[in-house]
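Take a look at the structure set out below.
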Amino acid sequence: QVRVVESGGGSVKAGGSLELSCLVSGPTFPYFCLAWFRQAPGKEREGVADIRRGGETNYAESVKGRFTISRDNAKNSLNLQMNSLKPEDTAMYYCAADSSCSGWTYAIWGQGTQVTVSS
């Protein structure tokens, strides 16, 4: 069974940086598409960034130029470097994996890690 575990959340002031990490168990990691989602209180969950098997990336408009998603297939890890953070980035961030690579549809989820950005 594939497990997804996030780490790296925390509290930071506006303009600061945080790096989120995600470990995905199992030998099939290189075949997964991977993504970071977030959900703020009272809002719907939204896709933040994803990375395909070949390394192609996509970003939400709200984070382009500030966030960078990367993967290390040797370590079964997914990272999200977040710079120039804004209070509106405050949310629970979730790592997700899926082998079907169908748009923003993901079947395997972690428990989430909280990011709080103060003004």
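Since we're looking at a predicted model, the values are computed, not measured.
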Among the clusters formed by ILVMFWY side chains lying less than 4.5 Å apart, do Val12 and Val63 turn up in the same one?
-> yes
Closest non-hydrogen atom pair, Gly47 against Ala60 = O-CB, 3.5 Å
Could you give the distance from CG (Leu80) to OG (Ser21), rounded to the nearest 0.5 Å?
-> 9.5 Å
Do we get Arg45 above Trp36's six-membered ring, with its NZ or CZ under 6.0 Å from the centre and within 45° of the axis?
-> no
If every non-hydrogen atom of Ala91 is compared with every non-hydrogen atom of Ala40, which pair is closest and at what distance?
-> CB-N, 3.8 Å
Scan residues 86-119 for pairs that pass disulfide (SG to SG under 2.5 Å), counting only residues two or more places apart or in two chains.
-> Cys22-Cys95, Cys33-Cys101
Side-chain heavy-atom pair Phe29, Leu34 within 4.5 angstrom cut-off | yes
Is the closest side-chain heavy-atom distance between Asn79 and Leu20 below 4.5 Å?
-> no
Closest approach of Asp98 to Ala107 (non-hydrogen atoms, all atoms of both residues) = OD2-N, 2.8 Å
Before giving the answer on side-chain contact (heavy atoms from CB on, under 4.5 Å), spell out for Leu85 and Leu18 the whole-Å C-alpha distance, their side-chain angles and the decisive distance to 0.1 Å.
-> CA-CA 8 Å; Leu85 282 161; Leu18 282 174; 4.1 Å; yes
Verdict with supporting geometry, Asn58 and Glu56, side chain to side chain donor-acceptor pair (under 3.5 Å) | CA-CA 7 Å; Asn58 296 288; Glu56 301 86 359; over 6 Å; no
Contacts satisfying disulfide (SG to SG under 2.5 Å) that involve residues 42-74 (not counting sequence neighbours) are none
Spell out, as yes or no, whether a donor-acceptor pair under 3.5 Å connects the side chain of Ser84 to the backbone of Gly15.
-> no
Does any N or O in the side chain of Asn76 come within less than 3.5 Å of the main-chain N or O of Gly26, such that one atom is a donor and the other an acceptor?
-> yes
With side chains defined as the heavy atoms from C-beta onward, is the minimum distance between Val24 and Leu78 less than 4.5 Å?
-> no
Verify the neighbour count for atom CZ of Arg3: are there more than 12 heavy atoms of other residues, nucleotides or ligands below 6.0 Å?
-> no
Do Ile69 and Met82 come close enough that some side-chain heavy atom pair is under 4.5 Å?
-> no
Using a 4.5 Å cut-off on heavy atoms from C-beta on, say whether the side chain of Val4 contacts that of Trp109.
-> no
Assign the ring pair Phe37 / Trp104 to parallel, tilted or perpendicular, where the plane angle (0 to 90°) is split at 30° and 60°.
-> perpendicular
Side-chain heavy atoms under 4.5 angstrom apart, residues restricted to Ile, Leu, Val, Met, Phe, Trp, Tyr: same cluster for Ile108 and Met92?
-> no
What distance separates Glu88 CD from Arg38 CZ, expressed to the nearest 0.5 Å?
-> 8.0 Å
Would you find more than 12 non-hydrogen atoms of other residues, nucleotides or ligands less than 6.0 Å from Gln114 atom CD?
-> yes
Identify the heavy atoms of Ala14 and Ser119 that sit nearest to each other, and give their distance.
-> CB-CA, 4.3 Å
Beyond-backbone contact of Val48 with Tyr59, side-chain heavy atoms, under 4.5 angstrom = no
To the nearest 0.5 Å, tell me how far Glu46 CD sits from Gln39 CD.
-> 9.5 Å
Would you indicate whether the side-chain heavy atoms of Phe67 and Asp89 approach each other to under 4.5 Å?
-> yes
Distance col, row Glu19:CD vs Ser70:OG, nearest 0.5 angstrom, shows 7.0 Å
Phe32 six-ring face occupied by Arg71 cation (under 6.0 Å, within 45°) = no
Give the intermediate values and the outcome of side-chain contact (heavy atoms from CB on, under 4.5 Å) for residues Thr113 and Tyr94.
-> CA-CA 7 Å; Thr113 186; Tyr94 298 91; over 6 Å; no
Nearest heavy-atom pair of Lys64 and Glu61: which atoms, and what distance?
-> NZ-OE2, 2.7 Å
For residues 42-71, pull every pair meeting disulfide (SG to SG under 2.5 Å), keeping only residues two or more places apart or in separate chains.
-> none
Heavy-atom side-chain contact between Ser17 and Arg66 under 4.5 Å | no
Backbone of Gly112 reached by a side-chain donor or acceptor of Glu6 within 3.5 Å = yes
